[in-house]
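The structure appears right after this line, and notes come after that.
Owing to the predicted nature of the structure, the values given are computational and were not obtained by experimental measurement. Note: hydrogens, waters and symmetry copies are ignored here, and every other heavy atom, side chains too, is used.
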Amino acid sequence: MQNIRSVFLLLAGITAFAALALFTFSVTLAVGAILTVLMVGRALSLKMKPVPVRATAKSKHHSGETMRIWNDGRGTIIDL
């Protein structure tokens with residue numbers, strides 16, 4: 001009778017240990033997946049930021065000055 005109880009307690013302990021190990025592993029995978037998605041999202045959002053574009057346009061022929069046009073990311077600026 002004592003041997004049956006010892007075997008039962010041993011199997012119960014092994015089962016509890018395996019269940020906790022599986023739970024820990026699944027939580028680790030879930031946290032890793034969430035962090036990966038957040039990291040990829042941040043990388044893509046930083047990549048899609050607008051970059052300021054500089055351009056020049058020549059003004060009227062009788063004036064030697066050039067008109068400067070650029071986009072600073074918030075709107076187009078025209079400097080006459």
Side-chain angles (χ1 to χ4, degrees):
M1 194 67 174
Q2 197 70 305
N3 282 343
I4 294 173
R5 186 177 299 161
S6 297
V7 169
F8 177 73
L9 286 176
L10 178 67
L11 290 175
I14 290 173
T15 304
F17 179 77
L20 287 174
L22 183 64
F23 176 73
T24 303
F25 182 69
S26 64
V27 168
T28 302
L29 282 181
V31 169
I34 290 170
L35 289 176
T36 301
V37 168
L38 290 175
M39 192 170 58
V40 168
R42 180 175 166 89
L44 288 176
S45 71
L46 289 175
K47 188 177 184 179
M48 293 189 297
K49 276 192 174 177
V51 178
V53 177
R54 293 201 177 267
T56 58
K58 294 185 178 179
S59 60
K60 298 177 184 175
H61 291 291
H62 59 75
S63 174
E65 299 178 19
T66 59
M67 180 170 53
R68 294 180 297 167
I69 303 170
W70 67 92
N71 185 350
D72 65 350
R74 291 176 287 172
T76 302
I77 299 172
I78 303 172
D79 188 8
L80 300 175

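When hydrophobic clusters are built by joining Ile, Leu, Val, Met, Phe, Trp and Tyr residues whose side-chain heavy atoms come closer than 4.5 Å, directly or via intermediates, L29 is not grouped with V37. F17 and L9 are not part of a single hydrophobic cluster, where members link through side-chain heavy atoms under 4.5 Å apart.
A pairwise comparison of heavy atoms in T28 and T24 identifies OG1-O, 2.8 Å as the closest pair.
Just one residue in the list V40, L46, L38 forms a side-chain contact (heavy atoms from CB on, under 4.5 Å) with R42, and that residue is L46.
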